[in-house]
Amino acid sequence: MLTTARRTHTCGELRPDHAGQRVLVQGWAANARDMGGVVFVNLRDRHGVVQVVADERSPASAREAAAGVHLEYVVEVEGTVQLRASPNPKLPTGMVEVVAEVVTVLSRTPALPFNVDGHVAVNEDLRLQYRYLDLRRPEVQKNLVTRHRAAMAVRRFMDAEGFVEVETPVLTTATPAGARADLGPSRVHPGQWYALPQSPQIFKQILMVAGMDRYFQIVKCFRDEDLRAVRQPEFTQIDIETSFATRELVMELAEGVVRTLWKEIGGHEVPPIPVISYAESIRRFGLDAPDTRFGMEHVDVATALRGSGFTVVGGALEAGGIAKAFVVKGGGEKVSRKQLDAYTLFVKKYGMGGLLYGKVGAPWTGPMAKIEPERLEVLAAACGAEAGDLVLLGVGSPETVNPGMGRLRVAVAKELGIVPPGFAFVWVVDFPSFEKDAETGRWMAVHHPFTSPRPECIGMMDEGREGEMLANAYDIVCNGYEIGGGSIRIHDPAVQSKVFSTIGLSIDEARQKFGFLLDALGYGAPPHGGLAFGFDRIIMLLCGTENIREVIAFPKTTSAQDIMSGAPSPVDERQLGELHVVNTKQSRQD
């Protein structure tokens with residue numbers, strides 16, 4: 001490795017083999033102790049920590065300078081590597097120390113807002129405000145190094161598979177997609193706007209028309225939507241597109257990326273990944289991104305409960321609702337009433353009216369005890385519930401019961417420590433092509449309007465059977481997180497026009513928004529398809545955290561702010577004028 005002009009070694013590389021060598025090391029003082037004439041400084045850089053000692057073997061000037069070193073000062077030390085009298089087995093460099101001959105303080109620091117050496121138990125906003133300090137922590141630096149190594153591994157794999165990395169524009173045109181677009185005004189074209197891409201979707205399809213054959217990109221994307229622990233307004237994708245693709249080909253390529261990353265970065269072998277349909281995923285787990293590391297799968301118990309005199313159940317089923325239950329083994333003793341009340345509040349966040357539970361026994365206890373005993377017996381058999389188990393039951397509309405019970409299953413498993421370590425992958429395929437918008441009643445593309453329906457479903461658009469159509473789409477899920485998703489694209493302009501018509505885009509609107517793509521598809525577009533991985537989520541999983549902000553150098557908060565830089569921030573009225581934009585909020589206040 002190349003060294004700097006002065007530094008001979010990093011802090012983390014010194015070993016007993018270096019004993020007797022004169023070295024120059026530079027870094028931050030992770031610890032400084034004056035033991036009455038003997039000064040110890042633990043010097044840290046991103047490669048590790050080494051102990052520096054200034055004692056009777058050191059010149060007086062070095063001892064004096066070392067005594068003035070405080071926490072997080074930037075220090076340069078020249079000295080000789082010696083074996084330590086008291087080794088520290090916890091450190092890779094713990095067998096040696098640098099006996100200081102020259103100590104130079106390069107930079108000083110005031111009192112720190114929090115400790116940067118190890119785990120930090122402070123408010124996350126404070127960490128993000130002082131992100132330049134937070135990034136000094138070894139665990140955060142390790143995450144960023146992991147991210148770097150993963151990006152390099154992806155590029156090596158894709159290059160070996162014949163893919164070419166092509167950059168696509170960041171300033172583009174606004175198109176309908178799954179979330180609001182981030183917009184930027186044009187100074188040279190008054191009243192017109194650029195959009196930041198939610199993905200390079202249109203451009204990668206045009207690259208296929210252009211004959212690039214195999215494209216990939218590790219690319220920044222933007223999405224204006226509500227944030228949470230695994231979402232950011234700007235995020236990174238591994239974007240992949242290939243010509244003459246089948247679903248199986250894209251899935252095979254994607255599995256190659258996954259196996260490469262989990263092997264090279266995490267040291268894990270990924271076994272063959274099972275494939276389930278969207279319908280099966282919803283039936284078994286309530287979600288289209290299921291965590292398959294543990295059981296507690298949903299069971300449809302509507303047959304056992306239909307006609308029940310317990311009106312909370314019977315009435316909901318009579319109104320066209322569904323009934324799903326799952327079993328917590330031994331939960332009759334493990335789960336308290338306080339926890340059960342919390343579970344009820346939890347599912348209400350997803351629109352459910354409440355949660356029914358029953359502790360299996362003779363007799364049953366809990367609200368489910370109001371259900372007829374013979375029905376409970378059938379229900380218990382269907383669920384595999386035994387004495388001492390806890391049954392959790394949701395009844396209501398599919399739109400609320402599926403997500404509510406699906407999220408509850410995961411929350412209960414994590415709370416009770418049921419989730420085993422490791423990774424579980426699953427492919428989810430055959431999504432619906434369209435879904436009705438709750439407000440307008442119009443059909444919307446479930447993925448995006450360039451997703452091809454399954455070949456056998458294309459004719460259904462002419463038969464008014466849009467709700468039955470399946471998309472030629474696929475998601476790859478790990479531990480309950482969707483880490484990648486894609487589809488075979490529409491390459492026939494006639495089919496693309498039909499899809500636009502189905503989602504309510506007129507010919508003129510489609511031409512206005514996607515004219516260049518429709519034109520391109522008319523000039524010999526090959527069948528093509530691809531997939532985009534959520535790079536940040538993958539790194540989050542490989543680093544063993546559940547917060548995506550831990551693996552991004554400069555993340556935004558859940559309110560989409562960069563506290564460190566102050567973004568977003570007000571803009572001078574003169575600048576707004578140059579962009580032909582008026583600050584309506586300020587105008588209303590005036």
Side-chain angles (χ1 to χ4, degrees), residues 1-109 112 114-120 132-149 264-265 267 543-544:
M1 182 182 73
L2 294 176
T3 63
T4 62
R6 291 179 55 78
R7 183 172 62 177
T8 63
H9 297 79
T10 66
C11 295
E13 69 178 297
L14 297 177
R15 298 292 188 274
D17 290 347
H18 296 99
Q21 292 186 24
R22 183 177 175 83
V23 299
L24 187 151
V25 290
Q26 299 164 323
W28 286 261
N31 187 284
R33 294 161 291 150
D34 189 338
M35 310 298 289
V38 178
V39 180
F40 295 96
V41 176
N42 283 353
L43 202 63
R44 182 197 72 243
D45 60 17
R46 78 172 177 87
H47 303 279
V49 177
V50 67
Q51 178 172 283
V52 173
V53 59
D55 57 14
E56 70 279 355
R57 295 169 291 180
S58 307
S61 58
R63 296 198 299 270
E64 181 180 353
V69 171
H70 296 289
L71 204 60
E72 292 305 303
Y73 277 24
V74 183
V75 181
E76 178 180 276
V77 176
E78 295 180 67
T80 303
V81 179
Q82 300 288 358
L83 296 177
R84 287 177 61 165
S86 301
N88 181 355
K90 295 181 180 179
L91 287 178
T93 61
M95 296 293 292
V96 298
E97 61 190 5
V98 178
V99 178
E101 297 173 23
V102 179
V103 175
T104 305
V105 174
L106 302 175
S107 182
R108 292 171 170 79
T109 183
L112 300 174
F114 52 80
N115 177 26
V116 302
D117 190 19
H119 179 70
V120 178
Y132 42 83
L133 295 178
D134 195 43
L135 286 171
R136 291 184 192 174
R137 296 193 299 118
E139 61 188 276
V140 180
Q141 292 191 347
K142 181 181 177 182
N143 290 348
L144 296 184
V145 171
T146 296
R147 187 183 180 104
H148 159 74
R149 291 177 55 219
E264 292 192 23
I265 309 303
C543 290

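Remember, predicted model here, so these are calculated numbers, not experimental data.
Across Glu13 and Thr93, no two heavy atoms sit closer than the pair N-CG2, 4.4 Å. Closest approach of Val77 to Ala100, counting heavy atoms only: CG1-CB, 4.0 Å. When all heavy atoms of Ala65 and Val103 are compared, the closest pair comes out as CB-O, 3.4 Å. Across every non-hydrogen atom of Val105 and Tyr73, the tightest pair is CG1-CD2, 3.8 Å. Val140 and Asp134 get closest at one heavy-atom pair: CG2-O, 3.7 Å. Leu71 and Thr109 make their closest contact through O-CG2, 3.1 Å (heavy atoms, listed as atom of the first residue, atom of the second, distance).
Side-chain contact check for Asp117 versus Val49: every heavy-atom pair is 4.5 Å or farther apart. Between Pro92 and Arg15, some side-chain heavy-atom pair lies under the 4.5 Å cut-off. Two residues are said to be in side-chain contact when any heavy atoms from C-beta on lie closer than 4.5 Å; Val98 and Val23 meet this criterion. The shortest side-chain heavy-atom distance between Val53 and Gln82 does not fall under the 4.5 Å cut-off. Taking the side chain as every heavy atom from C-beta outward, Glu72 and Leu133 never approach each other to under 4.5 Å. Proximity of Arg108 to His70: side-chain heavy atoms (C-beta onward) are nowhere separated by under 4.5 Å.
In the model, Glu101 has a side-chain atom that pairs as donor or acceptor with a side-chain atom of Thr80 under 3.5 Å. In summary, the side chains of Gln26 and Glu76 do present a donor paired with an acceptor at a separation below 3.5 Å, with no hydrogens or angles considered. Donor-acceptor pairing under 3.5 Å is lacking for the side chains of Arg44 and Asn42.
With values rounded to the nearest 0.5 angstrom, Cys543 atom SG is found 10.5 Å from Glu139 atom CD. Taken from OG1 in Thr8 to CG in Leu14, the straight-line distance is 7.5 Å, to the nearest 0.5 Å. Interatomic distance, Arg137 CZ to Asn143 CG, rounded to the nearest 0.5 Å: 9.0 Å. Here CD of Glu78 is found 5.5 Å from CZ of Arg6. Values are rounded to the nearest 0.5 Å. Atom CZ in Arg46 sits 10.0 Å away from atom CG in Leu144 (nearest 0.5 Å). Atom CE of Met95 sits about 10.5 Å away from atom CG of Asn88, to the nearest 0.5 Å.
In this structure a side-chain-to-backbone donor-acceptor pair under 3.5 Å is present from Arg63 to Ser58. Judged by distance alone, with hydrogens and angles left aside, the side-chain atoms of Gln141 form a donor-acceptor pair with the main-chain N or O of Leu135 at under 3.5 Å.
For Arg84, the CZ atom counts as densely surrounded, since its 6.0 Å shell holds more than 12 non-hydrogen atoms of other residues, nucleotides or ligands. The number of heavy-atom neighbours closer than 6.0 Å to CD of Glu64, taken from other residues, nucleotides and ligands shown, is 12 or below.
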